Amino acid sequence: MGIKKLQSIRGIHDGLPGDVAKWQKVEAAAKTVFSRYAFSEVRLPLLEPTELFVRSIGEETDIVSKEMYRFEDQGGDDLCLRPEGTAGAVRAYLQAGLTRAGAQRWYYTGPMFRRERPQKGRLRQFQQIGVEMFGVAGPIEDAELLAMARDFLLELGLDQVRMEINSLGCPTCRPAYRDRLVSYLKERANKLCETCNERMEKNPMRVLDCKVASCQSELTDAPEMIAHLCADCDVHFTGLKAGLEALSVDYQINPRIVRGLDYYNRTAFEIITDQLGAQGTVIAGGRYDALVEALGGPATPAIGFAMGLERLAMLLPEVNVSGPDMAIVALGDAVEGHALMLASQLRSKGLSIVHCGGGSAKRQFKMADREGVRFVLVVGEDEMNAGLVTLKNMQTGEQQQLAPDVIVAAVL
RNA sequence: GUGGUCGUAGUUCAAUGGUAGAGCCCCGGCUUGUGAUGCCGGUUGUUGGGGGUUCGAAUCCCCUCGACCACCCCA
């Protein structure tokens with residue numbers, strides 16, 4: 001056969017039953033915890049107009065400038081596979097006319113697409129669970145949102161993580177801080193690495209979280225945003241910290257948390273694990289008060305976060321995919337219809353049943369064994385004529401004959 | 001996008017220029033109404049793909065695809 005090997009495209013992986021079992025566990029925890037905070041699920045498009053991401057994420061960002069799957073469709077429309085969820089959520093919020101409908105609390109789950117070089121925990125198609133809250137401005141809500149993220153991780157049993165928070169300021173205080181930082185950096189430009197020199201032009205705050213040790217030692221007394229917040233931002237940050245303390249949420253202040261996406265302001269946070277190498281950020285988010293307006297709506301405060309489903313799943317122990325409750329072994333052509341009917345009846349009573357398909361007893365028992373069932377229902381001509389079935393316990397090897405209507409009771 | 005490690009049977013791995021192998025899995029038999037355990041027998045590969053060097057390549061070289069690692073960036 002000259003068939004060329006077909007495989008999924010780079011960085012786009014299959015979710016097989018073992019993976020999906022974990023994903024469902026994560027999604028169930030999200031639903032449980034987010035519902036307690038009165039968040040509702042929304043389902044948003046995977047495909048959006050390119051314009052949406054250019055205007056929200058920012059044309060200069062890596063995501064927009066080189067990582068989007070972008071194409072023109074047959075009608076000539078410029079479209080993108082969404083690289084993240086917030087922009088689409090804001091678009092939906094505006095499109096539905098909800099700006100006067102009070103606070104909106106949404107969550108969603110689904111694939112995002114970024115054409116990056118893949119690694120473990122970093123895929124070209126990956127899943128995020130995202131949370132967005134529109135129409136609330138205060139630090140109280142920020143603290144509650146962070147507590148919700150914490151509660152979610154605890155629901156999953158993940159406590160080997162740390163939460164780091166920062167404030168990114170706002171259009172009032174950030175420009176002045178930015179200038180101060182840039183002049184600080186320029187004085188030391190020749191001692192900073194090449195990428196930091198590029199970052200100085202493009203996104204100076206990025207220099208602060210450079211991984212190069214020599215840069216970090218050069219930056220020990222670099223000005224920090226939280227020391228230069230305007231009065232309103234300072235009150236907000238103080239309120240956030242007080243709220244987290246009231247809710248017993250463990251956190252560390254990390255003045256070097258930065259955001260690549262243009263729309264963030266004030267509260268920024270990350271939840272990080274040390275167990276996933278360089279891809280340790282498992283949840284990240286923050287406030288984006290300017291985005292709704294930037295996309296054409298009325299000024300509307302908003303905050304949200306996103307988590308990487310695959311990354312979370314990697315932190316979870318293997319989930320064993322549950323096998324069927326029972327297998328049916330039908331012996332002889334004469335019992336074919338009778339065995340099918342029994343299988344159907346047992347399914348309608350809530351048992352999960354596999355039918356071993358007839359043929360030799362050996363083949364069918366082998367199949368039943370492989371399915372990992374605890375019980376096999378043997379249906380032969382003898383049993384059928386007597387109005388009974390044989391139930392075999394696959395662990396003990398014991399068999400007993402009984403009436404069909406007591407099977408369910410016998411296996412529980 | 002840059003740099004690096006790796007890729008051999010379904011799977012886990014051997015074979016360092018000289019006939020591609022083992023364990024597990026799988027299939028058949030011992031047992032045509034009984035699996036898992038035991039015994040006997042059997043199949044399994046364009047060595048990721050393509051090209052080159054060589055009498056001869058899994059092994060050396062080049063290209064390419066993929067996984068992984070670091071950077072960039074980010075969930």
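Since this is a predicted model, take the numbers as computed values, not measurements. Per chain, numbering begins at 1; letters A, B, ... match sequence-line order.
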How do Met394(A) and Phe126(A) order along RNA chain B: which one's closest nucleotide is nearer the 5' end?
Met394(A)
Could you please name the partner base of rU54(B), counting Watson-Crick and G-U wobble pairs only when both distances are under 3.5 Å?
none
Measure the distance from CG on Leu331(A) to C1' on rG33(B) and round it to the nearest whole Å.
5 Å
Reading nucleotides 63-69 of chain B from the 5' end, what letters show protein touch, with B for base, S for backbone sugar-phosphate only, - for no heavy atom under 4.0 Å?
--SSSSB
Would the number of heavy atoms belonging to other residues, nucleotides or ligands and lying under 6.0 Å from CZ of Arg180(A) be above 12?
no
When Arg259(A), Arg162(A), Arg256(A) are each screened for salt bridge (Lys or Arg N to Asp or Glu O under 4.0 Å) with Glu270(A), the one that passes is Arg259(A)
Return the pairing partner of rC39(B) with a 3.5 Å limit on both distances, Watson-Crick or G-U wobble; otherwise return none.
rG29(B)
Could you tell me how far apart Lys392(A) (NZ) and rU34(B) (P) are, to the nearest whole angstrom?
9 Å
Between Gln128(A) and Arg82(A), does any side-chain donor sit less than 3.5 Å from a side-chain acceptor?
no
Watson-Crick or G-U wobble partner for rU5(B), using a 3.5 Å limit on both distances?
rA67(B)
Closest to the Lys366(A) side chain: rU34(B), rC27(B), rA75(B)?
rC27(B)
Any base atoms under 4.0 Å from Thr281(A), or only sugar-phosphate, or nothing? Heavy atoms, all strands.
sugar-phosphate
Whether Arg363(A) contacts rU34(B) is assessed here as follows: a side-chain N or O lying under 4.0 Å from the phosphate OP1 or OP2. Is that the case?
no
Does Gln399(A) reach a base, just sugar-phosphate, or nothing at all? Heavy atoms under 4.0 Å.
base
Could you check how far CD1 of Ile328(A) sits from P of rU34(B), rounded to whole Å?
19 Å
rG35(B) OP1/OP2 closer than 4.0 Å to side-chain N/O of Lys362(A):
yes
Students often get this wrong, so: under 4.0 angstrom with heavy atoms, is Glu270(A) touching a base, only sugar-phosphate, or nothing?
nothing
Under 4.0 angstrom, heavy atoms only, what part of the nucleic acid is Arg370(A) near: base, sugar-phosphate, or nothing?
sugar-phosphate
